[in-house]
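Everything below concerns the one structure shown next.
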Amino acid sequence: MEEINQLIRERRRKLEELRRIGIDPYGSRWEVNALAGELQQRYRETPATVLETEPVSVSLAGRVMTLRDHGKATFAHLQDRSGQIQIYLRKDILGEETYQLLKLTDIGDLLGITGHLFRTRTGELSVWVQGFRILTKSLWPLPEKWHGLVDVETRYRQRYLDLVANPEAAMIFTRRSQIIREIRDFFDQRGFLEVETPMMQGVAGGAAARPFMTYHNALGIDLYLRIAPELYLKRLLVGGLDRVYEINRNFRNEGIDTRHNPEFTMLEFYQAYADYRDLMALTEEMVPHLCRTILGTEQLTYQGERINLSPPWPRLAVAEALRKVGGVQEEDLGDIERVRAVAGHRGIQVKAEWGWGKLLDELMAHLVEPHLIQPTFLVDFPLELSPLAKQKPDDPRLAERFELFVAGMELVNAYTELNDPQEQRRRFQEQLQERERGDEEAHRMDEDFVRALEYGMPPAAGEGIGIDRLVMLFTDSPSIRDVILFPQLRPKGEGIGPPGSSDVV
RNA sequence: GACCCGUUAGCUCAGCUGGCAGAGCACCUGCCUUUUAAGCAGGGGGCCGCAGGUUCGAAUCCUGCACGGGUCACCA
């Protein structure tokens, strides 16, 4: 890249100057014994006089975020993973030669410093620098200090800049990590075993979705990136691992919007000898627990809506929800033609080949789900939409299944697992017919899975939780792209931006 | 896929009904030993997303394309 602007040229000049005087502009280790944010915390109340009489020596490293040259003294702010602290550098302390290095220092450079804490005249906790070294020279100017990085596209494509310039962005990903750690803890304490099952599968099963395809050279076979881990986790139930969970990526070859990224993180867990009611209770316990741990309360605000996660949460049967929330007459729900007519009246487009269950689902999506702001369990879904779920004993058209909605978002999908191999085979065959009728998302037959069921899978219930959406909720993020470090974008420019994270060929 | 909005300096943004490309931050030079959106004086920096068209003249109007955002559709 030869066509560089003056800002880059200037920084390269400084870099060469550093080399010329024998300083490696890409240095090595620095002994760090303090963090900016932790110092701010610990010495928040400590008065200046105490810092004088009992000096605190520190050595830290971080990125220069501001630089104020006052001639024979200079102020700067150093940012590390914990936050920022001001540093104060004086010519009479550092000596002529070292102080001159500041001329070769820019905002964005990484510095290692040693010194002791003091308070400035205005009371800001700062480091009185006794020595410093340029650890890494930065060749590009950082985004502006006041507004930060605003451009959404740049924030996604160059997330590192977002993380450096926008503390809120760093906070979101810190919180994401906390949430996942807390979930692991929750399940570990309840005797669940964390497992990892294949992400490359010969049959992409466990959900209704179109997969990404890939190819294994040595085996000479097509493989699919998984759309769900479900069928493998249930094989583990057969194997006697009665409580398992997995937190990892699923891949679905679908459109991208504020709630969908082609790869997304899912928690799935399975508990033997439980049914979907047990999982509602567990979910009702876990989500408020997470909220308390992360936010310190069971209330949160999402995009201006106050949401109260305190249990218990209402449980609405699908038919009941369509009646109460959707305003649909009960007598219109039982018959496929009348359901179709209702959709027509409400301006909802439907396809001729859709069955009763799919039509109900579509009505739910339009008339009910967007209105479920406070946590609500929708229960008893049409069986035809749930080919892996157990039938409801008292209503053969329904499955023992629930979904949790919060802020109009589907957060959770769970059901009592079907463990009758013959019935499972019959359901798969139905799905195959759907496929033949053109439904590319219908489930595929998985003989190996049916065989596993034939050995005997304990009665069980399983659940999937969309981690990205959960993080959206807990960080008040309007788009799933705000909680995924490198969301999928169209490639742009000549090699600028992150490499495609899902390598679809 | 349809519609709406956006794309101007490294960043954040102005730029009216077409008339020499602007500001703040950042950068460079000088001054400044407790500043903090430091200050003062001076200076440099542009493929106005890309390609066409209209016009004496286009950042500005028109068309197409690219990328991003949003709504809808598709999609659990």
Side-chain angles (χ1 to χ4, degrees), chain A residues 3-11 13-14 48 65-77 84-94 99 103 106-108 118-124 126 128 138-158 161-162 164-166 206-210 227-228 250 252-262 264 266 347-351 357-358 361-362 364-366 369 378 381 385-386 401 403 405 409-413 439-441 464 466 469 478-479 481-482 487 489-493 496-497:
Chain A
E3 313 232 347
I4 46 171
N5 71 34
Q6 51 158 356
L7 297 169
I8 311 301
R9 212 160 40 234
E10 188 59 36
R11 285 170 179 242
R13 182 187 64 75
K14 291 176 180 173
M65 300 302 288
T66 64
L67 204 52
R68 293 180 293 280
D69 174 13
H70 287 250
K72 296 189 181 64
T74 297
F75 286 96
H77 275 96
Q84 293 190 4
I85 193 164
Q86 180 171 259
I87 62 175
Y88 180 52
L89 307 100
R90 290 168 59 121
K91 196 177 194 172
D92 58 354
I93 301 293
L94 295 167
Y99 192 76
K103 285 275 175 227
D106 288 300
I107 291 174
F118 78 110
R119 277 190 193 283
T120 62
R121 212 169 271 163
T122 50
E124 179 167 352
S126 307
W128 183 281
S138 169
L139 296 176
W140 288 88
L142 246 36
E144 197 214 0
K145 59 184 170 187
W146 194 242
H147 299 93
L149 182 64
V150 174
D151 183 75
V152 178
E153 189 175 350
T154 310
R155 288 184 48 218
Y156 297 154
R157 287 193 197 275
Q158 293 175 273
L161 286 181
D162 190 29
V164 167
N166 300 328
R210 291 159 66 181
I227 55 177
N250 290 341
R252 297 185 184 177
N253 208 337
E254 295 162 0
I256 298 176
D257 60 34
T258 49
R259 289 172 185 190
H260 299 263
N261 193 64
F264 62 100
M266 188 92 157
I348 300 167
Q349 291 184 9
V350 298
K351 287 186 182 158
K358 177 64 189 164
D361 189 44
E362 204 60 20
M364 292 294 289
H366 284 89
E369 292 169 6
L378 289 179
F381 279 68
L385 296 177
S386 318
R401 172 176 172 185
E403 291 185 356
F405 278 79
M409 278 194 287
E410 180 194 335
L411 229 51
V412 169
N413 181 22
D439 182 357
E440 287 186 72
E441 304 205 332
R469 291 180 182 176
S479 169
R481 285 175 225 116
D482 296 322
L489 298 179
R490 272 201 158 80
K492 188 185 179 185
I496 303 293

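Below, chains carry the letters A, B, ... as their sequence lines are ordered, and counting in each starts from 1.
Here the nucleotide nearest the side chain of A:I107, chosen from B:A26, B:U34, B:C74, is B:A26. Of all nucleotides listed (B:U71, B:C32, B:A26), B:C32 comes nearest to the side chain of A:K72. When distances run from any side-chain atom of A:E144 to the nucleotides B:U34, B:G24, B:U29, the shortest one goes to B:G24. Among the nucleotides B:A73, B:U34, B:A26, the one closest to any side-chain atom of A:F118 is B:U34. Across B:G70, B:G10, B:G68, the shortest atom-to-atom separation from the side chain of A:L7 is found for B:G10. Between B:C67, B:U35, B:U12, one nucleotide has an atom nearer to the side chain of A:H147 than all others, and that is B:U12. Among the nucleotides B:G10, B:U34, B:U35, the one closest to the side chain of A:W128 is B:U34. Taking the side chain of A:Q86 as heavy atoms from C-beta on, and the options B:U33, B:U35, B:U34, the nearest nucleotide is B:U35. The side chain of A:L149 approaches B:U12 more closely than any other nucleotide in the set B:U12, B:U34, B:G68.
Atom CG in A:D106 sits roughly 15 Å away from atom C1' in B:C25 (whole-Å rounding). To the nearest angstrom, C1' of B:C27 lies 11 Å from CZ of A:R9. When the P atom of B:G68 is taken as reference, atom CD of A:Q158 falls 14 Å away, rounded to whole Å. Between A:H260 atom NE2 and B:C74 atom P the separation is 12 Å, expressed in whole Å. Taking atom CZ on A:R155 and atom P on B:U12, their separation rounds to 11 Å, with Å as the unit. For the pair A:I256 CD1 and B:G68 C1', the interatomic distance rounds to 12 Å; values are reported in whole Å. When the C1' atom of B:G69 is taken as reference, atom CZ of A:R481 falls 8 Å away, rounded to whole Å. The distance between atom CZ of A:R157 and atom C1' of B:G68, rounded to the nearest whole Å, is 7 Å.
Nucleotide B:C3 forms a Watson-Crick or G-U wobble pair with B:G70, both donor-acceptor distances falling under 3.5 Å. Remark: B:A51 base-pairs with B:U63. Criterion, Watson-Crick or G-U wobble with two distances under 3.5 Å. Nucleotide B:G18 forms no Watson-Crick or G-U wobble pair with any nucleotide shown, as no partner meets the under 3.5 Å limit on both distances. Across the strands present, B:A23 finds its partner in B:U12; the criterion is a Watson-Crick or G-U wobble pair with both atom distances under 3.5 angstrom.
Nearer to the 5' terminus of RNA chain B, by closest-nucleotide assignment, is the contact made by A:G148 (compared with the other of A:G148 and A:Y88). Heavy-atom distances to RNA chain B give each of A:E10 and A:R90 a nearest nucleotide, and the one nearer the 5′ end belongs to A:E10.
No contact: A:T74 has no heavy atom under 4.0 Å from any strand. Counting non-hydrogen atoms under 4.0 angstrom, A:D151 reaches the backbone sugars and phosphates but no base. Using a 4.0 Å heavy-atom distance criterion, A:K14 is classed as a sugar-phosphate-only contact. Counting any heavy atom pair closer than 4.0 Å across all strands shown, A:L489 reaches sugar-phosphate atoms only and no base atom. Heavy atoms of A:L142 sit nowhere under 4.0 angstrom from any nucleic acid atom. Counting any heavy atom pair closer than 4.0 Å across all strands shown, A:R252 reaches sugar-phosphate atoms only and no base atom.
A gap of 9 Å separates the C1' atoms of B:G10 and B:C27, to the nearest Å. Rounded to whole Å, the P atom of B:G49 lies 15 Å from the corresponding atom of B:U12. Comparing B:U7 with B:G43, their P atoms are spaced 31 Å from each other, to the whole Å. Rounded to the nearest Å, the gap between the P atom of B:C16 and that of B:C11 is 22 Å. Annotation: B:A59 and B:C47 have their C1' atoms spaced 12 Å apart (nearest Å). Only the C1' atoms considered, B:A23 is 24 Å distant from B:G30, to the nearest whole Å. Between the C1' atoms of B:G22 and B:C65, the separation comes to 29 Å (whole Å). Separating the C1' atom of B:C50 from that of B:G39 is a span of 43 Å, rounded to the nearest Å.
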ask   = After noting the C-alpha distance and the side-chain angles of A:E362 and A:K351, does the key distance pass the side chain to side chain contact (heavy atoms under 4.5 Å, CB included) rule?
value = CA-CA 10 Å; A:E362 204 60 20; A:K351 287 186 182 158; over 6 Å; no
task = Test A:E124 against A:H77 for side chain to side chain contact (heavy atoms under 4.5 Å, CB included), laying out the working first.
result = CA-CA 11 Å; A:E124 179 167 352; A:H77 275 96; 2.8 Å; yes
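For B:G45, the OP1/OP2 oxygens have no side-chain nitrogen or oxygen of A:N5 closer than 4.0 Å. Here A:H366 reaches the OP1 or OP2 of B:A73: one of its side-chain N or O atoms lies under 4.0 Å away.
The aromatic rings of A:H70 and A:F75 sit perpendicular to each other, their planes meeting at more than 60°, with 30° as the lower class boundary.
Residue A:D69 places a side-chain atom within donor-acceptor reach of the base of B:C32, judged by atom type and a 3.5 Å distance cut-off alone. The base of B:U35 sits with one of its N or O atoms less than 3.5 Å from a complementary donor or acceptor on the side chain of A:R68. Side chain A:E153 to base B:U7: no donor-acceptor pair is found below 3.5 Å.
With contacts defined as side-chain heavy-atom distances shorter than 4.5 Å, the pair A:D69/A:T74 qualifies.
Annotation: the span from A:E440 atom CD to A:N253 atom CG amounts to 9.5 Å, rounded to 0.5 Å. Taking NZ of A:K72 as the reference point, atom OH of A:Y99 lies at 9.0 Å (rounded to 0.5 Å). Taken from CD in A:E254 to CZ in A:R210, the straight-line distance is 8.5 Å, to the nearest 0.5 Å.
Proximity of a side-chain donor or acceptor of A:R469 to a complementary backbone N or O of A:R259 within less than 3.5 Å is detected. Looking at A:Y88, its side chain never comes within 3.5 Å of a backbone N or O of A:R119 through a donor-acceptor pair.
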